[in-house]
Student: 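Here's a structure for you.
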Amino acid sequence: RRLPSPCIAQRNARSDITTAMAMMSASVSVSVRVHAAPIARRLHAAAAGQQSRAALVGTPQSTKSRTTTTVRAVASSASPSAASSASSSGGDKVVVITGANTGLGFISAVEISKKKGYKVVMACRDKGRGEKAAAEVLSLTGVAPDLLLMDLSSLGTVDAFVSEFTSKYDRLDVLMNNAGVMALPERKLTKEGFEMQMGVNHLAHFYLTDKLMPTMLNNTPGRPRVVNLSSVAHEFGHPDFDNINSEGMFGYLGAGWLTYGRTKLANMYFTYELHRRLRSMGGRGNDIDVNCVHPGIVDTELPRSLSINFYPIMKQIGGLITPAQGAAGQIEVATGAKYEGISGKYIAEQSGPNNPGGQKGTFAVSESSRESYDADAAARLWRKSKEMTGADWSCIGESKQNKM
């Protein structure tokens, strides 16, 4: 597939500027109520505020926390069995949630902790905020989650997280790639020099999934699940493989919105491509389910970085859903019987712009953008992501990617 030249890519970017710039101008227009709703419905939110958590997630089920035991991870090339998978989870299913100290990640940690037979591992960037959130989960559920630190803007901390996780757990039933940043008004870089939104939203999760996949493939019984958080914003994302870090005059347009859309499209590509490669692997690869979730336009703190925050206006006109409603989809995809054996799908909240009048907080398998089904582009992003991060995906029979 012949990819567009840099000039064509720039023209495509310019054609999308109207969408991104309109998002910001909505808050200063005298007709803001007319424009804000259709514009902001195309955005994604994945983090809830710190207020009223008890009201959002309910009351404790018990007052006793589980006792854990540290066991070294043991790799196995044979099909895993329940008897061989005892770990510090006490035999429970283990769920890793990135960005679990706030928002939809926090609500997911609470609600999954309430479920019998699950052990939540909260992957958080900040120790203080992580400890506070973990204490709240214990207070609300009576079940103590595990807190492990990881900053997705540094792949070195991802390695440290994986090392600590695999020293404590020898199974991983659910990996919820939940953390993200949205439309940073100024271009920033990760420790490795990646553009921050692409680095956190896609590349670090791509790398983390590679490092944890051996545990899912070799040690975990049943059907492990990978849940990637995307957004309806993927619909205005366009790949630019010649400028994946959004550099230059036309690289970071619309106060970061076009780059954000590109990262959400990357989440879609990653989901579909990982599903294809696992199925092509055969054997145990047929037992790993990979899906992508759009949580809806949620009343959260994710817009905290926006240069112009129009979410309060959206809330006034009824254009937002509650954090509990938004988290329901990823929780169901991660743990629900409804999605057992479902893989390679996009599950979207049903009250958005593509389904006017849809019931808020309901989720269903949906069609993603036409561009998201471009298998050639997804495969190219896979190779580019391997090259940039050093992930080799040897667990599914691949080798390190050379420079493209």
Side-chain angles (χ1 to χ4, degrees), residues 20 23-24 40 42-50 97-108 122-126 129-130 133 149-158 161 176-209 227-234 236-237 240 244-247 251-270 292-311 323 326-327 330 385 388-389:
M23 295 174 185
M24 297 182 294
R42 303 187 64 81
L43 306 180
H44 157 59
Q50 298 292 327
I97 305 173
T98 66
N101 63 287
T102 189
L104 304 186
F106 174 80
I107 295 175
S108 298
M122 303 174 69
C124 302
R125 177 173 59 90
D126 183 88
R129 289 195 290 260
L149 299 182
M150 176 171 59
D151 182 351
L152 291 167
S153 68
S154 169
L155 296 185
T157 73
V158 177
F161 170 88
M176 184 182 289
N177 290 321
N178 165 82
V181 292
M182 182 174 76
L184 301 177
E186 295 183 0
R187 182 175 176 272
K188 297 181 179 180
L189 301 179
T190 69
K191 185 175 181 180
E192 286 74 28
F194 308 144
E195 186 281 318
M196 185 66 73
Q197 294 187 82
M198 184 62 73
V200 171
N201 296 356
H202 167 62
L203 291 170
H205 281 125
F206 176 89
Y207 185 78
L208 173 67
T209 307
V227 182
N228 296 320
L229 267 288
S230 184
S231 166
V232 70
H234 82 273
F236 62 76
D240 185 353
I244 199 166
N245 277 323
S246 302
E247 298 174 296
Y252 201 75
L253 298 171
W257 280 114
L258 296 187
T259 294
Y260 178 70
R262 185 179 298 153
T263 71
K264 295 293 100 181
L265 178 62
N267 296 149
M268 302 300 306
Y269 282 156
F270 176 42
C292 206
V293 177
H294 162 53
I297 314 302
V298 190
D299 183 11
T300 75
E301 66 178 25
L302 188 60
R304 62 189 178 273
S305 298
L306 301 184
S307 55
I308 299 177
N309 184 2
F310 45 78
Y311 271 54
Q330 63 203 64
S385 301
M388 294 176 71
T389 64

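Values below: all heavy atoms of this structure, side chains included; hydrogens, waters and symmetry mates excluded. The shown structure was predicted, so the numbers you read here are calculated from the model rather than taken from an experiment.
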Student: Give the minimum heavy-atom separation between Ala100 and Ile97, together with the two atoms involved.
Tutor: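 Of all heavy-atom pairs spanning Ala100 and Ile97, the closest is CB-O, 3.4 Å.
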
Student: Test side chain to side chain contact (heavy atoms under 4.5 Å, CB included) on Phe161 and Thr98; report intermediate values, then the result.
Tutor: CA-CA 11 Å; Phe161 170 88; Thr98 66; over 6 Å; no

Student: With a 3.5 Å distance limit and no angle check, can you tell me whether Gln197 reaches the backbone of Thr263 through a side-chain donor-acceptor pair?
Tutor: no

Student: Looking at every non-hydrogen atom in both residues, tell me the closest pair between Val158 and Tyr207 and how far apart they are.
Tutor: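 Val158 and Tyr207 have their closest heavy atoms at CG1-CD2, 3.6 Å.
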
Student: Out of curiosity, Met388 CE to His202 NE2, how far, rounded to the nearest 0.5 Å?
Tutor: 8.5 Å

Student: What distance do Leu184 atom CG and Thr259 atom OG1 have between them, rounded to the nearest 0.5 Å?
Tutor: 9.5 Å

Student: How close do Ser230 and Met268 get, counting heavy atoms only, and between which atoms?
Tutor: OG-SD, 3.4 Å

Student: Side chain to side chain contact (heavy atoms under 4.5 Å, CB included) between Met198 and Leu203: does it pass, once the steps are laid out?
Tutor: CA-CA 6 Å; Met198 184 62 73; Leu203 291 170; 4.1 Å; yes

Student: Would you say the side-chain atoms of Ser246 and Arg262 include a donor-acceptor pair closer than 3.5 Å?
Tutor: yes

Student: Please report the shortest heavy-atom distance between Leu152 and Ala204, naming the atom on each side.
Tutor: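 Heavy-atom minimum between the residues: O-CB, 3.2 Å.
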
Student: Rounded to the nearest 0.5 Å, how far does SG of Cys124 lie from CZ of Phe106?
Tutor: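 Taking CZ in Phe106 and SG in Cys124, the distance rounds to 10.0 Å.
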
Student: Nearest 0.5 Å, please: how far is OG in Ser385 from NE2 in His205?
Tutor: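 Here the interatomic distance stands at 13.0 Å.
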
Student: When you look at Lys264 and Asn201, which way does the side chain to side chain contact (heavy atoms under 4.5 Å, CB included) test go after all the steps?
Tutor: CA-CA 8 Å; Lys264 295 293 100 181; Asn201 296 356; 4.0 Å; yes

Student: Looking only at heavy atoms, what is the nearest atom pair of Phe236 and Trp257, with distance?
Tutor: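 Phe236 and Trp257 have their closest heavy atoms at CE1-O, 3.1 Å.
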
Student: Apply the side chain to side chain contact (heavy atoms under 4.5 Å, CB included) test between Asn177 and each candidate in Leu229, Val293, Val227, Leu208; give the one that qualifies.
Tutor: Leu208

Student: Between Ser154 and Asp151 (side chain of the first, backbone of the second, donor and acceptor by atom type, cut-off under 3.5 Å), is there such a pair?
Tutor: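 It does not hold such a pair.
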
Student: Can you name the nearest heavy-atom pair linking Ser153 to Met196, along with the distance?
Tutor: CB-SD, 3.8 Å

Student: Which distance, rounded to the nearest 0.5 Å, do you find between the CE of Met176 and the CG of Asn228?
Tutor: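 Rounded to the nearest 0.5 Å, the CE-CG separation comes out at 10.5 Å.
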
Student: Drop me the distance from Arg187's CZ to Glu247's CD, to the nearest 0.5 angstrom.
Tutor: 5.0 Å

Student: If only atom types and distance count, is the side chain of Asn245 paired as donor or acceptor with the main-chain N or O of Glu195 below 3.5 Å?
Tutor: yes

Student: Would you say the side-chain atoms of Ser108 and Gln330 include a donor-acceptor pair closer than 3.5 Å?
Tutor: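 Ser108 vs Gln330: donor-acceptor pair found between side chains.
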
